Number of protein chains: 2
Amino acid sequence: MARKSDKRERLLEGAIETIYQRGFNQTTLADIADVSGVQLGNFYYYFKTKDEIVEAVIAERRGSLLSTYAEWDKLPSPKVRIKAFLNTYIDDAENLTANGCPLGGLSFELNKREDVPDLVDKVEKLFSLHLQWLTHQFKLMRKAKAEEFADEFYSTIQGAILLANCKKDSRIIKNQINRLIKLVDRM
Amino acid sequence: MARKSDKRERLLEGAIETIYQRGFNQTTLADIADVSGVQLGNFYYYFKTKDEIVEAVIAERRGSLLSTYAEWDKLPSPKVRIKAFLNTYIDDAENLTANGCPLGGLSFELNKREDVPDLVDKVEKLFSLHLQWLTHQFKLMRKAKAEEFADEFYSTIQGAILLANCKKDSRIIKNQINRLIKLVDRM
DNA sequence: GTCTATAATACGATAGAC
DNA sequence: GTCTATCGTATTATAGAC
């Protein structure tokens with residue numbers, strides 16, 4: 001009795017990685033099938049269209065994000081939680097410099113498409129998760145302008161990643177994140 | 001005696017606008033020819049390839065930027081100049097919210113291409129112009145960490161545009177820019 | 001210089017054998 | 001469920017008449 005095939009999972013993993021590295025528009029289904037070790041024709045047994053797999057990618061990223069929040073939420077204070085959040089960007093600085101932000105990049109690309117409002121909506125909600133979580137943490141810190149702080153922090157992060165990616169210099173991310181960490185410490 | 005054709009100029013203008021609105025990957029040469037009122041076949045009389053016209057777009061944007069700097073440099077102090085720079089983002093907030101940053105978006109897209117290092121290099125240099133100009137202004141203000149300030153400001157700007165674009169909310173740009181303006185005022 | 005074909009190719013998607 | 005073969009279409013690019 002054959003084990004249940006893990007090809008769907010492999011395709012999804014391959015799609016997450018490939019779309020991140022090459023961008024959605026420049027990723028072909030052949031690329032995804034290839035890195036996943038699946039024949040192109042077989043791709044369609046698991047996903048009906050290219051849009052369907054990117055939708056699955058968004059759902060998967062959303063799931064990962066929610067589990068990560070669950071972990072952070074175990075930390076004792078919002079201050080510590082925000083610093084844990086910020087430190088992930090330093091830990092991942094090299095990847096972010098090489099490929100940009102997986103959420104920011106996907107949002108930007110899908111936002112340009114007018115033919116799939118559902119997909120645009122889903123990626124917007126995914127992108128906004130960080131903002132909501134940050135806003136919540138600042139509210140717990142009794143900050144009157146919690147939302148503005150969240151926008152300030154997340155703008156800086158996204159912008160720093162874009163600059164680092166364009167200039168191929170991860171120090172931009174590290175410097176800006178360290179500045180934000182100090183800012184939190186002084187709050 | 002026929003006037004010299006302005007079709008090259010029209011194609012370039014059309015390309016600038018269309019690539020900005022739809023992104024490079026999702027812009028077809030037919031789109032550009034169409035909005036420019038030029039037959040597709042005729043496109044190739046003026047530009048040999050799609051990459052060649054985006055190269056011209058980059059050069060054109062570079063030229064515009066340099067003239068803008070020349071204007072700003074007439075202003076009496078670096079503080080006033082930086083505020084003039086910042087205010088352009090508020091003036092253009094609706095466009096930026098609808099389409100993202102023309103430089104940031106192009107940089108992001110072309111950065112993913114490994115087959116055209118020259119193009120990647122040119123867009124990187126274009127993107128960096130703002131950073132250089134900002135760094136120079138902060139140096140004139142005798143700021144020890146001029147480069148870090150430039151990174152901080154430009155990261156915030158680029159990130160705010162990305163957030164506004166994704167959430168379709170121009171207030172994010174306006175709020176962040178106003179915060180930066182106040183920051184400059186206090187310097 | 002301009003236009004009408006049309007070639008060449010890449011890629012999303014399908015058919016059908018196994 | 002998996003694979004090979006192939007279709008259909010979009011898009012870059014060219015040929016060649018005018």
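Naming: A, B, ... by sequence-line order, numbering from 1 per chain. Note: hydrogens, waters and symmetry copies are ignored here, and every other heavy atom, side chains too, is used. All figures in this text were calculated on a predicted structure; none of them were measured in a lab.
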*Would you mind reading off the distance between B/Q39 atom CD and D/dT14 atom P, rounded to a whole angstrom?*
18 Å

_Exercise: identify the closest heavy-atom pair between A/C166 and B/E124_ = O-CG, 3.1 Å

*Nearest whole angstrom, please: distance from the P of C/dA7 to the CG of B/L40.*
16 Å

*Would you give the length of the straight line joining atom CD1 of A/I173 to atom OH of A/Y89, rounded to the nearest 0.5 angstrom?*
10.0 Å

*To the nearest Å, give me how far apart CZ (A/R10) and P (D/dG1) are.*
14 Å

*asked:* What is the distance, to the nearest angstrom, from the CZ atom on B/F24 to the P atom on D/dT11?
replied: 13 Å

*asked:* Distance check needed: D/dT12 P versus B/D115 CG, whole Å only.
replied: 14 Å

*Inter-axis angle, terminal five-pair segments of the helix from C/dG1-D/dC18 to C/dC18-D/dG1 [nearest 10°]*: 10°

*Please indicate whether B/Q26 has more than 12 foreign heavy atoms, meaning atoms of other residues, nucleotides or ligands, lying under 6.0 Å from its CD.*
yes

*Between D/dC3 atom P and A/D34 atom CG, what is the distance in whole Å?*
13 Å

*Could you tell me whether a side-chain N or O of A/N87 sits under 3.5 Å from a main-chain N or O of A/K83, the two making a donor and an acceptor?*
yes

*Using atom OH of A/Y45 as one end and atom P of C/dA15 as the other, report the distance to the nearest whole Å.*
17 Å

_Ring centre gap for A/F153 and A/F138 strictly below 6.0 Å_ = yes

*Enter the distance from B/L11:CG to B/L29:CG here, rounded to the nearest 0.5 Å.*
9.5 Å

*To the side chain of B/K7, which of C/dT4, C/dA13, C/dT2 is closest?*
C/dT2

*Taking only the side-chain heavy atoms of B/L29 (C-beta and beyond), determine which of D/dT2, C/dG12, D/dT12 contains the nearest atom.*
D/dT12

*Closest nucleotide of DNA chain C for A/T49 versus for B/Y46: which of these residues is on the 5' side?*
B/Y46

*Rounded to the Å, how far apart are B/Y44 OH and C/dG1 P?*
19 Å

*asked:* With a 4.0 Å limit, can you tell me whether A/N42 has a side-chain N or O closer than that to the phosphate oxygens OP1/OP2 of D/dC3?
replied: yes

*Can you tell which of D/dT12, C/dA13, C/dG1 lies closest to the side chain of A/K50?*
C/dA13

*OP1 or OP2 of C/dA13 less than 4.0 angstrom from a side-chain nitrogen or oxygen of A/K48, does that happen here?*
no

*Contact under 4.0 Å: A/S5 side-chain N or O vs D/dT2 OP1/OP2*: yes

*Report yes or no: is the cationic atom of A/R113 (NZ for Lys, CZ for Arg) closer than 6.0 Å to the six-membered ring centre of A/F24, at no more than 45° off its axis?*
no

